[in-house]
Amino acid sequence: MEKTPFVTKEKVEEIASVYPTPFHLYDEKGIRKNVENLKKAFSWNKGYKEYFAVKATPNPFLINILREYGCGCDCSSKTELMLSKAIGAVGDDIMFSSNDTPLDEFKYCNDLNGIINLDDITHIEAVEKACGKLPKKMSCRYNPGGVFKISNDIMDNPGDAKYGMTTQQLFDAFSILKDKGVEEFGIHSFLCSNTVTNEYYPMLAKLLFEVAVELKEKLGVHITFINLSGGIGIPYRPDQEENDIFVIGEGVRKAYEETLVKAGMDDVAIYTELGRYMMGPYGGLVTKAINEKHTHKEYIGVDACAVNLMRPAIYGAYHHITVLGKENQPCDCKYDVTGSLCENCDKFAIDRMLPKIEMGDYLFIHDAGAHGFSMGYNYNGKLKSSEILLKPDGSFKLIRRAETPKDYFATFDCFDFYNDLINE
Ligand SMILES: *Cc1c(COP(=O)(O)O)cnc(C)c1O
C-alpha cells in the first residue's frame, strides 16, 4: 500500500509556528471514514458494537469522535475507567478487559455498571469480594492454547500468552456463574495481534461461535455477546496489503450464519475492541531534523525520540517516514534516523533510504496514531509531546498540551525543594 501523509509540508509549517515540534497529529477525516466503514461492515448484526481500546490512544477528544458513532470504551485500568466516565461512557459502554486486576478496580468498574470481562476463573471470587455480589451480565476471556494458524502460517502463540481461561476453566466458570445467578453471558478472546489478513476475525469468530454453541447446549446459559477483541492490524510497511473490513465483516457473517443461527442463537451481538485499526493510520509523529552526523554511518537526529514513539525501539517495528515537501524526490540517501536518548535503540529508522535531508526539514513518521503517544514515558527526563487534531476543514486544534518540567517534577510536590525546582 502506498504510504502518503495526510498532511502537507505547508500545513505542518503553519501548525509548527503555533505549536513547536515534536507533536502527534491526528486526522479527523480519516478517523471518521474508517469508523463509518467498520459500522457498515458489521451492520448485518443487530447488536454490533465497537469498544475502542482506550490504551491505544487515550485522548478524550479522539475517543469522543468515535462516541458519535456509538462506540464504547474497552478499559483495563482504573485511570482508563476514570477517563471513560469523564466522557460519559458508563454502563454497557464500558468493557473492562483487564488482567491481574486489583480488587478496587473491579469495584470501580461495577460502580459504573461496566461489563466485567474475567481474565481468570479465580476472579469470580475476586469480583464477589470486591462488589458484594456478581453483576447480572458477565463475560469470560478464553484462551484455547496451542498456536493460531492461518493456512499453515503460525500467526501467534496463544499457549504462551498470560491471558484468558482454558477450555475446561471456561466451562467451569460459566457453570459457577450461572449457579450464582448471572443471567447474560459473553465470550471474549484475543489470539493474534496486528494481523494483516482478512482471515483472522472470521477464523476466530468460527472458533468462538462453536464454543458458544457447546456452552449453551451443555449448560443452558444465555450467551448474549461474543467479543472478537482487537488484533485487526494495519500495513505499517509499504509492501503490505491493507485489510478489507468489508471482506472481514462478511467472513464473520458467514460463520455466524453457519454456526450460531443454525443452533438457534441468532440474538448474539458481535463486539469488537479494536485499537490499532481505529486510530493507527490516522496519527503521525511530526518531528524536525536538528542534527546530522557523519561517522561510521550517516545519522539524522530529530527532535522526537523513543519517548514519543517507542515501537521501533522495543519491537524493532517499522514505521514509514516521509520527508515533507520531498515526496517526489529520489530516495538515494541511506540514514539512521535517531532520537536523543542515551540508548542506542533510540532509532526511528535504520539504514533507511530517504531523500537528502536538510536541517530544519520536517519528517512525518507514519502510523503512530495507536500505541504511539500512549506508550510514552519519561526516560532521560524527556517530556511528552503535544497532540493536535487536524480537522476536515484544515483547521487544527490542540487536544493535549506538551508536558513541561513542572509536570515532570509534579510528584515531588510534597518536598521543600519543589518550588525552587519549578521556578528555575
Ligand atoms: C490491546 C487490546 C486491544 C486492542 O488491540 P489492537 O491490537 O490495538 O486492536 C483490545 N482488547 C484488549 C483486551 C487489549 O488488551
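Atoms within a ligand are numbered from 1 in the order they appear, just like the ligands themselves.
A donor-acceptor contact under 3.5 angstrom links the side chains of Glu273 and Ser97, judged on distance only.
Residues that satisfy the salt bridge (Lys or Arg N to Asp or Glu O under 4.0 Å) test with Lys11, not counting sequence neighbours, are Glu14. By the side chain to side chain donor-acceptor pair (under 3.5 Å) test, Asp393 is found to be paired with Ser395, residues two or more places apart in sequence or in another chain being considered.
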(request) Using the salt bridge (charged side-chain N to carboxylate O under 4.0 Å, His left out) rule, take Lys297 and Asp351 through it: C-alpha gap first, then chi angles, then the decisive distance, then the call. (result) CA-CA 9 Å; Lys297 295 183 90 172; Asp351 294 335; 3.0 Å; yes

(message) Apply side-chain contact (heavy atoms from CB on, under 4.5 Å) to residues Thr404 and Asp407 and explain how you reach the verdict.
(response) CA-CA 5 Å; Thr404 65; Asp407 298 309; 3.4 Å; yes

Ligand-protein N/O pairs under 3.5 Å (ligand 1):
| unit_1 | atom_1 | unit_2 | atom_2 | d |
| --- | --- | --- | --- | --- |
| ligand 1 | 8 (O) | Arg276 | N | 2.7 |
| ligand 1 | 8 (O) | His371 | NE2 | 2.7 |
| ligand 1 | 9 (O) | Gly231 | N | 3.2 |
| ligand 1 | 9 (O) | Gly275 | N | 3.1 |
| ligand 1 | 11 (N) | Asp74 | OD2 | 3.1 |
| ligand 1 | 11 (N) | Ser229 | OG | 3.2 |
| ligand 1 | 11 (N) | Glu273 | OE1 | 2.7 |
| ligand 1 | 15 (O) | Lys55 | NZ | 2.6 |

Identify each donor-acceptor pair in which a side-chain atom of residues 361-372 lies under 3.5 Å from a protein atom, sequence neighbours left out, and give them as a table.
| unit_1 | atom_1 | unit_2 | atom_2 | d |
| --- | --- | --- | --- | --- |
| Asp361 | OD2 | Lys326 | NZ | 2.6 |
| Asp361 | OD2 | Glu358 | N | 2.9 |
| His366 | NE2 | Thr322 | OG1 | 2.7 |
| Asp367 | OD2 | Lys3 | NZ | 2.7 |

